[in-house]
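Here is the structure we will look at.
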2 protein chains.
Amino acid sequence: MPAPRTDLCFHALGDGVRRTILDRLSAGELSAGAIAEGFDISWPAVSRHLRLLKEARLVEERREGRQRIYALNRGTLQQTVGHWVALFDARWADNLRSLKDHVERSQPPRGRP
Amino acid sequence: MPAPRTDLCFHALGDGVRRTILDRLSAGELSAGAIAEGFDISWPAVSRHLRLLKEARLVEERREGRQRIYALNRGTLQQTVGHWVALFDARWADNLRSLKDHVERSQPPRGRP
DNA sequence: GCCATACTTAACGTATAGGTTAAATGTTTC
DNA sequence: GAAACATTTAACCTATACGTTAAGTATGGC
């Protein structure tokens, strides 16, 4: 398991542009160019935001032809952000645990739309 | 409902000292002095961290004699951080939804301030 | 009222964040 | 291999972050 990079992760989430990027990526992968469109700031500025998100492991990058495709890394959010939420709210943690038990006992896994 | 202050909230969580403060407060209220003890940085530095946490509504402050008592505000974490986690992880969102249904149906509500 | 206590605010220095434009990089296409 | 494309890196500027020390502000006890 790679280092948590909690600082990087939360710092990355502390900027509205980066949160918007993550939001858009939650709907599916996008190229750097597609991400840059829709922001009023320059391409290099967006590129730096993407680098920060990548360093925080909140997104992953892969090359495809001459494009760079970015995809959301949901695991990082679970491991870092989720960890903190659970720590701070005992009810959430308890609820998630008991829910998991309950669901696993009473409902066979089915496909969900 | 006060403004979410998402930027402030995540920015506050992006610093290790502030996360440690929140961590300690999760065990119970503490005075500013009690918080400052245990950090190698100066009191004024800790005081500023506390102000940031207060502005982000992650903690609440009240005066008691000549002390200032700080307490964790769990609601802010749920509203801002929790919201994002749920957005990014469809399974969590689903779990929370079905959990809410399940709990509301099977457990009578308990008094909570 | 006066002094100690328990802090916060002010003033200041250095490092980092986040923006810009210009130049560099790696990939296809001709 | 030269040109066009997609994007990053470099160089630079200004604002903000976070630390320090010194001064200010309530509150409680004598």
Side-chain angles (χ1 to χ4, degrees), chain A residues 3 5-25 28-73 76 80, chain B residues 3 5-25 28-73 80 84:
Chain A
R5 293 164 203 258
T6 314
D7 273 35
L8 288 177
C9 188
F10 280 120
H11 173 71
L13 288 166
D15 181 275
V17 171
R18 289 190 290 265
R19 284 198 307 274
T20 302
I21 291 173
L22 293 172
D23 206 5
R24 296 233 232 120
L25 287 177
E29 303 184 332
L30 288 170
S31 69
I35 293 168
E37 310 251 333
F39 287 109
D40 283 344
I41 58 180
S42 63
W43 272 44
V46 174
S47 182
R48 276 166 70 105
H49 283 301
L50 288 170
R51 190 168 71 168
L52 277 183
L53 288 168
K54 194 169 58 178
E55 282 169 1
R57 297 194 190 283
L58 286 165
V59 304
E60 273 162 8
E61 179 210 73
R62 72 167 200 276
R63 290 174 136 101
E64 195 162 288
R66 52 186 148 182
Q67 298 191 114
R68 306 217 182 177
I69 309 294
Y70 286 88
L72 195 60
N73 181 347
T76 297
T80 63
Chain B
R5 296 164 201 255
T6 315
D7 272 35
L8 288 178
C9 187
F10 280 120
H11 173 71
L13 288 166
D15 182 276
V17 171
R18 288 189 291 263
R19 284 198 306 276
T20 302
I21 291 173
L22 293 172
D23 206 4
R24 296 231 233 123
L25 286 178
E29 304 184 331
L30 286 171
S31 69
I35 293 167
E37 309 252 333
F39 287 109
D40 282 343
I41 59 180
S42 63
W43 271 44
V46 174
S47 181
R48 277 167 72 100
H49 284 301
L50 288 170
R51 190 168 72 169
L52 277 182
L53 288 169
K54 194 169 55 179
E55 282 169 1
R57 298 192 190 281
L58 285 165
V59 304
E60 274 162 8
E61 179 211 73
R62 72 167 199 277
R63 290 175 136 101
E64 196 162 288
R66 51 187 149 181
Q67 297 191 114
R68 307 219 181 177
I69 308 294
Y70 287 88
L72 195 61
N73 181 346
T80 63
W84 276 88

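None of these values were measured; they are calculated from a predicted model. These values consider heavy atoms only, across backbone and side chains, with no hydrogens, waters or symmetry-generated copies. Naming convention: chains lettered A, B, ... in sequence-line order (proteins, then strands); numbering from 1 in each chain.
Mapping Val46(B) and Arg18(A) onto DNA chain C via the closest heavy atom, the residue that lands nearer the 5' end is Val46(B).
Here the straight-line distance linking atom CG of Leu22(B) with atom CG of Asp15(B) works out to 10.0 Å at 0.5 Å rounding. Between the CD1 atom of Ile69(A) and the CZ atom of Arg63(A) there is a distance of 12.0 Å, given to the nearest 0.5 Å. In this structure, Asn73(B) CG and Glu61(B) CD are separated by 13.0 Å, a value rounded to the nearest 0.5 Å. Rounded to the nearest 0.5 angstrom, Arg5(A) CZ and His11(A) NE2 are separated by 14.0 Å.
Taken residue by residue, residues 30-44 of chain B places heavy atoms nearer than 4.0 Å to DNA chain D at Ile41(B), Ser42(B), Pro44(B).
Proximity of Leu58(B) to Leu25(B): side-chain heavy atoms (C-beta onward) are nowhere separated by under 4.5 Å. Using a 4.5 Å heavy-atom threshold, the side chains of Leu50(A) and Arg68(A) count as separate. Looking at Ile21(A) and Leu30(A), their side chains never come closer than 4.5 Å, going by heavy atoms from C-beta outward. A 4.5 Å side-chain heavy-atom check between Ile41(A) and His49(A) finds at least one atom pair inside the cut-off.
Distance Leu50(A) CG to dT8(D) C1': 11 Å, rounded to the nearest Å. At whole-Å resolution of the value, CD in Glu61(A) and P in dT25(C) are 17 Å apart. Between the C1' atom of dG19(D) and the CG atom of Asp15(B) lies a distance of 11 Å, rounded to the nearest Å. dG18(C) atom P lies 12 Å from atom CG of Leu13(A), rounded to whole Å. Going from atom OH of Tyr70(B) over to atom P of dA6(C) covers 15 Å, rounded to whole Å. Between the CG atom of Asp7(B) and the C1' atom of dG18(C) there is a distance of 13 Å, rounded to whole Å. Taking atom CD1 of residue Ile69(A) and atom P of nucleotide dG26(C), one finds them 19 Å apart after rounding to whole Å. In this structure, Arg51(B) places its CZ atom 17 Å from P of dC7(C), rounding to the nearest Å.
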Review item, nucleotides 24-30 of chain D N/O atoms under 3.5 Å of protein N/O:
none

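Neither OP1 nor OP2 of dT8(D) sits under 4.0 Å from any side-chain N or O of His49(A).
Picking from dT9(C), dG18(C), dT7(D) the nucleotide with the shortest atom distance to the side chain of Arg68(A) gives dT7(D). Of the candidates dT20(C), dG18(C), dT8(D), dT20(C) carries the atom nearest the Ala45(A) side chain, counting heavy atoms from C-beta on. Taking the side chain of Gln67(B) as heavy atoms from C-beta on, and the options dT8(C), dT20(C), dA6(C), the nearest nucleotide is dA6(C).
Look at Glu64(A) and Arg62(A) and you find a salt bridge, because one of the NZ, NE, NH1 or NH2 atoms lies within 4.0 Å of a carboxylate O, short of that distance.
Contact annotation for Arg48(A): base contact, defined as any heavy-atom pair under 4.0 Å involving a base atom. Nucleic acid contact for Leu52(A): sugar-phosphate only, since backbone atoms but no base atoms lie under 4.0 Å from a heavy atom of the residue.
Residue Arg24(A) comes nearest to Ala34(A) through the heavy atom pair NH1-O, 3.6 Å, listed as atom of the first residue, atom of the second, then distance.
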